[in-house]
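Sequence lines set the chain letters: A, B, ... in the order given, protein chains first and strands last, and positions in each chain run from 1. Note: hydrogens, waters and symmetry copies are ignored here, and every other heavy atom, side chains too, is used.
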Amino acid sequence: MPELPEVETVRRGLAPVLENAHLKTVVVRREKLRIPIPGDLASRLEGARVVTIGRRAKYLLLEMDNAAVALIHLGMSGHMTIYKEPPPPPGPHDHVDFITENDVCVRFTDPRRFGLITLDTSDHVHEHKLLRHLGPDPLSNEFNAIELAARLKGRATSIKGALMDQKTVAGLGNIYVSESLFRAGISPKRKAASVQGGRAEKLAAAIREVLTDAISAGGSSLRDHVSPDGELGYFQHQFGVYGREGEPCPGCTCDWAKSGGIRRFVQSGRSTYYCPARQR
DNA sequence: CGGCAAACCTGCGAGC
DNA sequence: TGCTCGCAGGTTTGCC
């Protein structure tokens with residue numbers, strides 16, 4: 001489910017029920033996620049108050065009033081569901097319940113278990129092993145064309161590969177990399193190092209724009225819901241290229257029959273979608 | 001060091 | 001209907 005816009009949608013959905021709430025009970029049913037859930041997660045969180053729910057790239061940060069921060073990553077298939085009534089009996093993929101003092105249950109579900117929940121008690125959560133190496137958040141002030149160009153300089157990999165690398169920019173994934181490159185008119189095959197100057201300007205602007213548009217739409221719902229209150233995001237209807245192999249390019253006036261429309265190919269194991277006529 | 005495939009898991013839809 | 005295959009929004013590892 002989640003790249004940056006989906007995680008931001010989850011954050012916004014959880015904030016009204018979790019911020020300022022005391023956690024009464026935290027039920028951990030399965031510890032073995034991508035990294036094991038710490039044995040003291042429940043005892044650290046129970047009785048504490050959630051001060052804010054923040055986000056760094058694709059991580060949710062539950063900042064507690066006792067200096068603990070819970071880091072949550074949704075992986076590929078993770079999602080959160082809010083139950084204001086007693087929750088249904090947990091299924092096999094319902095790994096953790098966060099229950100507030102007024103009996104709201106926030107349930108973490110993740111069939112593929114690529115997600116994780118861990119704890120930081122260091123007072124410097126941004127120095128945490130999982131966050132330390134992340135590049136700038138593309139919606140933050142630290143992200144701009146100069147910064148992007150500097151991070152692409154000298155890199156031999158493709159621009160797609162560089163943008164998928166969370167050290168370059170933190171929060172993009174397979175969908176939004178394809179969409180950003182489409183909006184910027186840059187081929188995913190182009191060498192990362194060659195994206196400088198005006199091209200870097202266009203790309204930085206396209207990344208910001210596509211993420212902002214996607215957040216406004218409540219993210220993309222490919223399989224199931226995105227928002228913890230069950231609302232569907234609808235940005236998938238605005239995809240320019242992702243999942244549209246063979247369709248006419250929405251920005252092209254060229255002859256579809258001749259161009260073949262949008263192409264799909266596999267780049268380091270992941271599908272890339274692009275329009276060869278518009279992206280160079 | 002850099003880049004890429006494989007591995008970690010389960011579910012779903014397409015095609016036979 | 002039921003099976004197999006390929007594919008899926010992420011990240012880390014280990015190999016060239």
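- Rounding to whole angstrom units, NZ of residue A/Lys32 and C1' of B/dT10 are separated by 18 Å.
- Considering only side-chain N and O atoms, A/Arg113 lies under 4.0 angstrom from the phosphate OP1 or OP2 of B/dT10.
- Taking the six-membered ring for Trp and the full ring otherwise, the centers of A/Phe239 and A/Phe182 sit at least 6.0 Å from each other.
- Along DNA chain B, the nucleotide closest to A/Gly161 and the one closest to A/Arg223 are compared, and the more 5′ of them pairs with A/Gly161.
- A donor N or O paired with an acceptor N or O is found under 3.5 Å between the base of C/dA8 and the side-chain atoms of A/Arg112.
- Pairing partner, B/dC9: none, since no Watson-Crick or wobble contact has both distances short of 3.5 Å.
- Salt bridge status for A/Arg12 with A/Asp229: absent, with no side-chain N to carboxylate O gap under 4.0 Å.
- Atoms CD (A/Gln236) and P (C/dA8) sit 16 Å apart, rounded to a whole Å.
- Between A/Thr157 and B/dC4 there is a side-chain polar atom (N or O) within less than 4.0 angstrom of OP1 or OP2.
- Across all strands shown, A/Ile175 has heavy atoms under 4.0 Å from sugar-phosphate atoms exclusively, and none from any base.
- When distances are taken from the side chain of A/Ser271 to each of B/dG11, C/dT11, C/dA8, the shortest belongs to C/dA8.
- For A/Lys153 and B/dG2, the NZ to P distance is 15 Å, given to the nearest whole Å.
- In the set C/dG10, B/dG3, B/dT10, the nucleotide with an atom closest to the side chain of A/Lys58 is C/dG10.
- We find that CD of A/Glu245 is positioned 10 Å from P of C/dC7, with the value rounded to whole Å.
- As a whole-Å value, the separation of A/Leu116 CG from C/dT11 P is 10 Å.
- For A/Asp103 and A/Lys24, the salt-bridge test passes: some basic side-chain N is under 4.0 Å from an acidic carboxylate O.
- Salt-bridge check for A/Arg55 with A/Glu8: passed, with a basic side-chain N closer than 4.0 Å to an acidic carboxylate O.
- Residue A/Arg270 is in base contact, counting any heavy-atom pair closer than 4.0 Å across all strands shown.
- Put simply, CG on A/Asp165 is 13 Å from C1' on B/dC1, counting in whole angstrom units.
- For A/Asn174 and C/dC7, the CG to C1' distance is 12 Å, given to the nearest whole Å.
- Between A/Gln166 and C/dT11 there is a side-chain polar atom (N or O) within less than 4.0 angstrom of OP1 or OP2.
- Listed candidates were B/dG3, C/dT12, C/dG10. Nearest to the side chain of A/Ala156 is B/dG3.
- In this structure, A/Arg44 places its CZ atom where only 12 or fewer heavy-atom neighbours from other residues, nucleotides or ligands lie under 6.0 Å away.
- For the P atoms, the distance from C/dG14 to B/dC9 is 15 Å, rounded to whole Å.
- Here the P atom of nucleotide B/dC8 and the NE2 atom of A/His93 are 18 Å apart, to the nearest Å.
- Comparing B/dC1 with C/dT11, their P atoms are spaced 22 Å from each other, to the whole Å.
- The shortest distance between the side-chain N/O atoms of A/Ser77 and the OP1/OP2 oxygens of C/dG10 is not below 4.0 Å.
- Regarding contacts with the backbone of C/dT11, a side-chain N or O of A/His73 is found under 4.0 angstrom from either OP1 or OP2.
- Closest contact between the side chain of A/Arg155 and the listed nucleotides C/dG10, B/dC4, B/dG3 involves B/dG3.
- For A/Asn141, the CG atom sits in a loose shell: 12 or fewer heavy atoms of surrounding residues, nucleotides or ligands are nearer than 6.0 Å.
- By the criterion of a centre-to-centre distance under 5.5 Å and near-parallel planes under 30°, the ring of A/Phe114 forms a stack with the base of B/dC8.
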